[in-house]
Amino acid sequence: MKRLLAALLCAAGFAAAPAAPAQTLIQHAPGRQVLSLNGRWNYIIDPYENGFYDYRRMAFDQSKTGKGGYYDNAKPSSRQEPELIEYDFDQSAGLMVPGDWNSQDPKLLYYEGTIWYKKSFSLKPAAGKRYFLYFGAINYEAHIYLNGKKLGMHKGGFTPIQYDITSQLNATGDNFVVVKADNTRHAEEVPTINTDWWNYGGITRDVFVAEAPETFVVDYKVQLAKNDPTRLAGYVQLDGPAKANQAVTLNIAEAGIKQTLKTDADGRATFSLPAKKLKLWSPQSPKLYAVRLSSGADAVTDNIGFRTIQTKGQDILLNGKSIFMRGISMHDENPLIPGRARGEGDLRMLLTWAKELGCNYVRLAHYPHNEAMLKLADEMGLLVWAEVPVYWTIAWENPATYQNAEAQLSDLISMGKNRASVVVWSVGNETPLGDPRLKFMTSLVTKARSLDDTRLIAAALELHRTPDNVVHVDDALGESLDLTSFNEYAGWYWGGSPSEITKYTFDIKYNKPVVISEFGGDALAGYHGDAETRWSEEYQEALYVNQLKMLSTIKGLRGMTPWILADFRATRRQHPVYQNGFNRKGLISSTGVKKKAFYVLQDYYRQMATKYDGK
Ligand code: GCU
């Protein structure tokens, strides 16, 4: 209906009808034939949004002509009597894409508002081909235009954005894309107005145009059946005019699996196949198989690992064997050149640090990380907790807020569903108790399970303490989750000094595996004192020693992701000596220095690896 209305409006000379809504996100899009649009984009800073509204605050793209905004990329038609045009992308400065704007220019460090980006590119459309414009992420609200026509608007700073642009490309091959990116925070958004991370704005992940045949494999799930290492289960989805009743071949040559499937009227083929010879994926042995899916003129290959994950009482079973999740939390930030991770080099550095620490597990907080991070975790053998930014005081009773959260969760699961490393979907972090919050969060749990019943569902739960030094974890949200996870900051935010925290015991309501989602404390690398000197490395070291002692009393303890791998930028952290706009709970400093506490955790993980992996 929406499309018909849009078309009628368009015919009546109103604003250009927005392009067809974004298709199903192409699975493993970077694996396709792509034209990269990474590099230098011209930009215009626009805090008053003059490029979007006229002086009566009417949106140009809603006017009769739909013209007048910066997205026209207008140029004077003649030198003699040039029209008044008060912008010019091509003579404006440049920003590197991918990359947040905050870290690219000191005047943009704290900037919150709109920045317009523009990139010209040559691409002549070929008959029988389709073209998709794909953004890995734009924080936070993006309006996207191709050759002056609006493709659509997207909210959410950490999930992919995609438009079928086949019919919008110029036959000449000369094209330009304009993006209005606005990182302004709002109480009803996801995340809400208040977080403990930097509000890095802009086109922060890769941009490319993906090419595909007219009918192609748009989506697929190829994983082990739930808790069954002997069967493959999943589906293949075609998109295009000839998607119905088509033959699709699933080929895993190394495993001796080759099966031809038939799509239904909607272009979908589901399957459940015996797979007795698969070598299972694990952190110790991260085996990946080349999985080739082909149909008609299309073929796509993805490196996929196969493993099972489940809980049994207070055990977490990976491929049927009880494990301890030796983890660390991390933001999507390279601390050495503070800003969003910009590419595989940054990501590989972060995961290499985690491996050095002795991890078999990482918590990618507090929002969907780059798809490339999940693929690297597959390759390097790291289990992953992936999360949506339902963080702190979300607008629980706003239906649009819930729809936004659910859309981000769906896109996260779509992006990560073939990644063996991903074992946990987290629906949020440290959200204050209350009935509207419980309804919101349990609805997300239900949604996650409906999209993927093969992985564990979790969240960082709330806790409360009693005068008898008992830490109680009985958050009702825990009822619907597979893990009991919570953030506890004994020795930093409460409980006295590190030497005093071993007085605490835990009263946990649920008979489920306990995976501590956060603990920690700040230390300024190179600042030394004794174990009572807050902000010193010795204080953080003593905190880790005593945290580990305290947590080891929890019978069902099966993992942890201390907060956090590396110092990261946060506006809440403004102590001029110890913080300077950085949260210093990193085990590694913002100059790459390993603090004393790094070695405490590394030693503990060596012990746990011996105990559980027999290393
Ligand atoms: C919270 C929160 C983190 C935050 C940390 C801190 O638990 O989950 O995002 O950075 O505590 O206070 O340092």
Side-chain angles (χ1 to χ4, degrees), residues 139 157-158 185 189-200 327-333 335 338 340 350 362-369 385-394 405 424 426-433 437 441 458-465 471 473 475 477-478 481 483-495 498 501 514-525 534-535 537 539-540 543-544 547 551 559-575 578-590 595 597 601:
N139 189 42
F158 305 96
R185 291 165 293 114
E189 294 301 334
V190 181
T192 183
I193 203 160
N194 182 25
T195 71
D196 190 27
W197 68 80
W198 208 267
N199 180 27
Y200 288 117
I328 192 74
S329 292
M330 59 175 68
H331 267 299
D332 176 32
E333 175 160 347
R340 285 278 165 258
L350 293 171
V362 290
R363 175 179 181 227
L364 302 184
H366 285 294
Y367 38 73
H369 285 218
W385 161 308
E387 188 163 283
V388 284
V390 176
Y391 179 98
W392 290 358
T393 52
I394 293 285
V424 176
S426 166
V427 295
N429 178 72
E430 255 187 27
T431 50
L433 299 182
R437 166 261 194 184
M441 303 292 283
L461 298 173
E462 291 295 279
L463 51 79
H464 59 99
R465 299 187 311 279
V471 179
V473 183
D475 181 340
L477 178 59
L481 301 177
L483 302 176
T484 300
S485 292
F486 51 90
N487 305 342
E488 55 82 15
Y489 279 91
W492 187 256
Y493 290 125
W494 48 267
I501 64 175
V514 175
V515 178
I516 310 294
S517 34
E518 290 179 32
F519 71 78
D522 287 59
L524 175 63
R534 191 181 278 271
W535 306 108
E537 286 198 42
Y539 187 105
Q540 189 190 46
L543 187 145
Y544 269 71
Q547 272 277 355
L551 293 172
M560 55 178 67
T561 46
W563 192 260
I564 184 171
L565 178 67
D567 292 353
F568 62 97
R569 271 214 181 103
T571 48
R572 296 168 64 86
R573 311 300 176 176
Q574 292 298 345
H575 191 290
Y578 305 113
Q579 295 176 314
N580 281 310
F582 281 83
N583 183 312
R584 297 284 186 201
K585 294 186 181 70
L587 292 175
I588 297 175
S589 76
S590 49
K595 304 172 192 175
L601 189 63

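We count ligands from 1, going down the list as the structure has it; atoms in each ligand are counted the same way. Note that the structure is predicted; figures quoted are calculated from it, not measured.
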With [X], which residues qualify under side-chain contact (heavy atoms from CB on, under 4.5 Å), at least two apart?
X: A597; result: Q540, Y544, L587
X: S589; result: A525, D567, T591, V593, K595
X: L551; result: E488, F506, I516, F519, Q547, I554, L557, M560

Anything under 30° is parallel, anything over 60° is perpendicular, the rest tilted; go ahead and classify H331 against W197. tilted
In sequence, state the C-alpha distance, the side-chain angles, and the governing distance for E387 and R363, and then conclude on salt bridge (Lys or Arg N to Asp or Glu O under 4.0 Å). CA-CA 8 Å; E387 188 163 283; R363 175 179 181 227; 3.1 Å; yes
Can you work out which protein residues put a heavy atom within less than 4.0 Å of ligand 1? D196, H366, Y391, N429, E430, N487, Y489, Y493, E518, W563, F568, R573, N583, K585
L481 side chain near L461 side chain, heavy-atom distance below 4.5 Å: yes
